[in-house]
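Below: the structure, in structure tokens.
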Number of protein chains: 2
Amino acid sequence: MTAEIITIGDEILIGQTIDTNSAFIAKEFNKIGISIFQITTVQDDKEHILKALKEAEDNADIVIITGGLGPTKDDITKRTLCEYFNDVLVEDKAVLQNVEYLFSKYIKTPISDINRHQALVPSKCKVLMNRYGTAPGMWMEKNGRVFVSLPGVPYEMKALIENEVIPLLRKTYSFPYIKHKTLLTYGLGESAIAGRIEDFEDSLPDFIKLAYLPSLGRVKLRLSAKSMDEKLVEYEMEKQVDKLIPLVEDIFVGFEDDMSIEQIIGSRLTDVGETLSIAESCTGGRIAQAFTANSGASQYFKGSLVTYATEAKINVLKLSEEEIEQNSVVSRQVAEAMANNVRKLFNTDYGLSTTGNAGPTKGDSHAEVGTVWIAIATKDKVISKVFNFSNHREKVIMKATNKAFEMLLKEISKK
Amino acid sequence: MTAEIITIGDEILIGQTIDTNSAFIAKEFNKIGISIFQITTVQDDKEHILKALKEAEDNADIVIITGGLGPTKDDITKRTLCEYFNDVLVEDKAVLQNVEYLFSKYIKTPISDINRHQALVPSKCKVLMNRYGTAPGMWMEKNGRVFVSLPGVPYEMKALIENEVIPLLRKTYSFPYIKHKTLLTYGLGESAIAGRIEDFEDSLPDFIKLAYLPSLGRVKLRLSAKSMDEKLVEYEMEKQVDKLIPLVEDIFVGFEDDMSIEQIIGSRLTDVGETLSIAESCTGGRIAQAFTANSGASQYFKGSLVTYATEAKINVLKLSEEEIEQNSVVSRQVAEAMANNVRKLFNTDYGLSTTGNAGPTKGDSHAEVGTVWIAIATKDKVISKVFNFSNHREKVIMKATNKAFEMLLKEISKK
């Protein structure tokens with residue numbers, strides 16, 4: 001079973017918006033055994049949309065269309081869908097009520113004719129109600145294929161995929177059994193791993209694929225099995241994972257199928273009732289933000305500091321001015337003192353710290369661009385390591401963040 | 001002049017990776033007058049890549065191919081390019097030297113045969129050297145069209161586009177004159193703005209287009225002019241902007257063509273030598289991270305706190321336990337005390353704070369999900385406002401972040 005995703009919107013083609021929707025849809029669809037054949041971003045233009053719809057219909061069983069449903073006049077998606085399906089637009093009462101409700105609750109202005117148009121849908125479509133926004137999803141069928149049009153706003157689209165589209169697809173089709181196991185590894189490059197596990201990869205059965213997913217200092221190894229035979233998938237997947245782990249034991253930090261590494265850390269800390277605080281310098285709040293993006297973070301995350309200026313390290317984090325001067329702000333001593341002091345300040349089990357120079361200039365320290373110290377303090381000890389991540393600011397920040405997660409997960413796992 | 005972007009990579013089609021590259025390329029190309037006709041993501045599959053290359057060649061003058069150049073065996077892009085251009089792979093000495101340099105400096109392992117393969121390029125291509133990674137860019141020409149293949153790693157691709165591809169395109173073609181002006185507005189929805197400026201939009205000359213770019217509580221209005229006549233573009237753009245601003249004066253916060261709002265704030269603070277500190281609760285570090293993502297942040301950003309737990313608000317930020325109990329953690333009093341205290345703690349001109357409930361559950365407070373207080377303290381005063389952003393966690397965090405930027409920019413602009 002295959003799907004195509006068509007993304008409509010000049011805002012993507014002019015680079016104003018990044019298409020995050022397609023990745024989300026692709027991930028959810030792959031979980032239930034629908035492969036994405038192609039993702040195509042087209043202009044807000046009738047002929048272009050019609051051409052893409054026709055091509056997608058030729059290639060795939062399911063066509064997901066996102067975007068092009070906003071209230072302003074550059075949106076022509078609904079009229080084009082009507083032309084493609086030989087249909088007309090009619091007002092849907094339930095959608096209109098939803099528009100009125102959202103306006104009265106959050107926007108607090110009366111609805112205009114432009115907003116009222118959001119309630120117009122093709123007469124033959126099944127409406128998928130959008131709790132979080134005014135544009136509904138629309139489910140249409142043609143020549144044995146399913147077409148679903150969804151709003152382009154990410155959280156609106158996500159909720160519709162999870163709550164409406166996937167359940168309806170499950171009712172409409174029967175799917176093969178699919179299983180992914182993703183091994184998260186740190187510390188070895190993609191090509192070095194590939195060389196090491198070449199024989200393993202070559203001996204995989206046909207219905208199990210291995211993919212390398214390298215990203216800023218970590219490589220994910222994803223095994224994907226797909227078959228109508230659920231028992232075979234379960235049996236072989238377990239067997240292959242048992243063969244793979246010993247080959248990468250020194251670099252393996254955990255499975256990451258439904259959770260990111262920061263969610264794994266959060267979940268382990270919550271399970272044992274332990275807590276975390278963070279003092280960031282060069283990572284500038286990114287580590288804290290990764291934890292707090294997940295609901296439930298308040299169970300283990302008590303708080304954090306960004307001490308960007310040296311003065312803040314002294315005044316807020318109570319580091320000794322003398323120690324900083326003697327060792328420089330980017331040093332083992334400062335990283336360890338930051339981890340110890342933030343742990344005491346927030347009264348947590350773990351204190352994590354970063355201090356480094358992300359570049360492009362040398363800033364308060366004289367350390368080479370890319371140098372980062374990371375430290376972790378517990379009640380009994382403090383550990384620290386130094387890295388040189390790269391000469392690129394964004395890369396340094398992201399690699400330091402990933403490395404901090406890795407060190408923290410290892411430390412937590414020791415207990 | 002038009003371009004197409006072809007993104008190669010199963011990792012995008014399975015949703016493991018978000019394609020941020022296309023937006024970047026689209027933005028840079030639009031700046032110099034190249035429109036993107038279509039973005040197509042295809043599989044790591046020879047036939048699929050060949051089909052996409054042929055179609056792109058039919059539609060566009062320039063074809064940019066990203067991804068599919070990693071060292072592991074699932075990458076077949078280079079061999080497919082050779083087939084398409086009827087060419088063979090040869091080892092490029094300069095690329096090999098670059099691979100060896102990067103390994104000796106950052107990876108510190110000897111290079112393997114797999115890494116050495118990175119130096120193989122089609123014999124007829126012009127090599128674009130990649131400072132940040134081992135896979136080079138490749139520039140090829142066929143039937144009067146330009147094809148450029150770039151690595152998929154974002155910062156590698158970005159540097160190649162900026163330093164190699166754009167300058168080479170400028171040498172190869174002559175481009176129309178293009179100008180964008182983006183007005184950032186806050187506080188009114190897309191459809192309400194559209195209603196208000198309908199007459200203005202209808203009266204725009206043919207070569208100036210208006211686009212609405214709504215995003216989480218702010219709407220950008222982008223005017224784009226394109227013509228071979230530079231003087232006409234400059235003259236008309238100024239005239240139209242002068243007509244538009246009075247129509248949106250109450251919601252207009254600034255121009256945002258090359259800078260984000262947080263960069264505008266940073267630049268204004270740096271210009272006047274003022275400083276900022278932040279105490280975040282529900283936004284969890286996102287505001288700090290937005291500032292520190294930009295180089296030069298250390299000029300005005302002294303530091304920040306995430307006081308997620310109520311206990312941290314009391315111990316670290318020195319809020320009164322009694323005041324929190326009397327008013328709840330999500331209250332005007334707590335927001336204002338946070339802003340005042342963080343300003344004093346970090347000794348800055350501005351103190352910014354957020355406290356709210358992002359959901360999905362009520363957490364430490366009893367405030368309705370979506371309620372957020374934002375406060376800004378200066379030496380002389382503290383201002384604060386309450387909002388209810390939505391019932392969706394991510395949306396609440398992002399809207400609160402945007403709103404905090406808006407309030408801060410307004411406050412700074414008053415002086």
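Lettering of chains follows the sequences in order, A, B, ..., and the numbering in each one begins at 1.
- Summarising the geometry of B:Gln43 relative to B:Ile49, their closest heavy-atom pair is O-CG1, 3.6 Å, with the distance given to 0.1 Å.
- Looking at A:Phe387, neither its backbone nor its side chain comes within 4.5 Å of chain B, counting heavy atoms on both sides.
- Only the backbone of B:Phe389 comes within less than 4.5 Å of a heavy atom of chain A; no side-chain atom from C-beta onward does.
- Between B:Ala288 and A:Val306, the shortest heavy-atom distance links the atoms CB-CG2, 4.3 Å.
- Looking at B:Thr17, the atoms closer than 4.5 Å to chain A (heavy atoms on both sides) all sit in the backbone: N, CA, C or O.
- Interface residue B:Lys158: only side-chain heavy atoms are found under 4.5 Å from chain A.
- Across A:Ile12 and B:Ile39, no two heavy atoms sit closer than the pair CG2-CD1, 4.0 Å.
- A donor and an acceptor atom, one from each side chain of A:Gln38 and B:His48, are located under 3.5 Å apart.
- Most heavy-atom pairs under 4.5 Å with chain A, from the set B:Ala279, B:Ser295, B:Ala312: that is B:Ser295.
- If you measure heavy-atom distances from B:Glu4 to chain A, you find no contacts under 4.5 Å at all.
- Heavy atoms closer than 4.5 Å to chain A are found nowhere in B:Lys313, neither backbone nor side chain.
- Heavy atoms closer than 4.5 Å to chain A are found nowhere in B:Phe24, neither backbone nor side chain.
- Across B:Ala23, B:Gly303, B:Gly370, the residue that shares the most heavy-atom pairs under 4.5 angstrom with chain A is B:Ala23.
- Of the possible polar contacts, none joining the B:Asn115 side chain to the B:Val99 backbone as a donor-acceptor pair under 3.5 Å is found.
- For B:Asp19, the part lying under 4.5 angstrom from a heavy atom of chain A is the backbone only.
- Contacts of B:Ala297 with chain A are made by both backbone and side-chain atoms, with heavy-atom separations under 4.5 Å.
- A donor-acceptor pair under 3.5 Å links the side-chain atoms of B:Glu280 to the main chain of B:Ile287, judged by distance alone.
- Using a 4.5 Å cut-off between heavy atoms, B:Arg286 contacts chain A through both its backbone and its side chain.
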Report task. Could you give me the CA-CA distance, side-chain angles and deciding distance for A:Val342 and A:Thr307, then say whether side chain to side chain contact (heavy atoms under 4.5 Å, CB included) is met? Result -> CA-CA 11 Å; A:Val342 79; A:Thr307 51; over 6 Å; no

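- There is no contact between B:His180 and chain A, counting heavy-atom distances below 4.5 Å.
- For the residue pair B:Ser191/A:Ser112, the side-chain donor-acceptor check at 3.5 Å is not satisfied.
- In terms of non-hydrogen atom pairs under 4.5 Å with chain A, the most contact-rich of B:Lys220, B:Lys395, B:Glu11 is B:Lys395.
- Of the atoms belonging to B:Leu213, it is side-chain heavy atoms, and not backbone ones, that fall under 4.5 Å from chain A.
- At a threshold of 4.0 Å, the pair A:Glu368-B:Lys105 counts as salt-bridged, since one of the basic side-chain nitrogens sits closer than that to a carboxylate oxygen.
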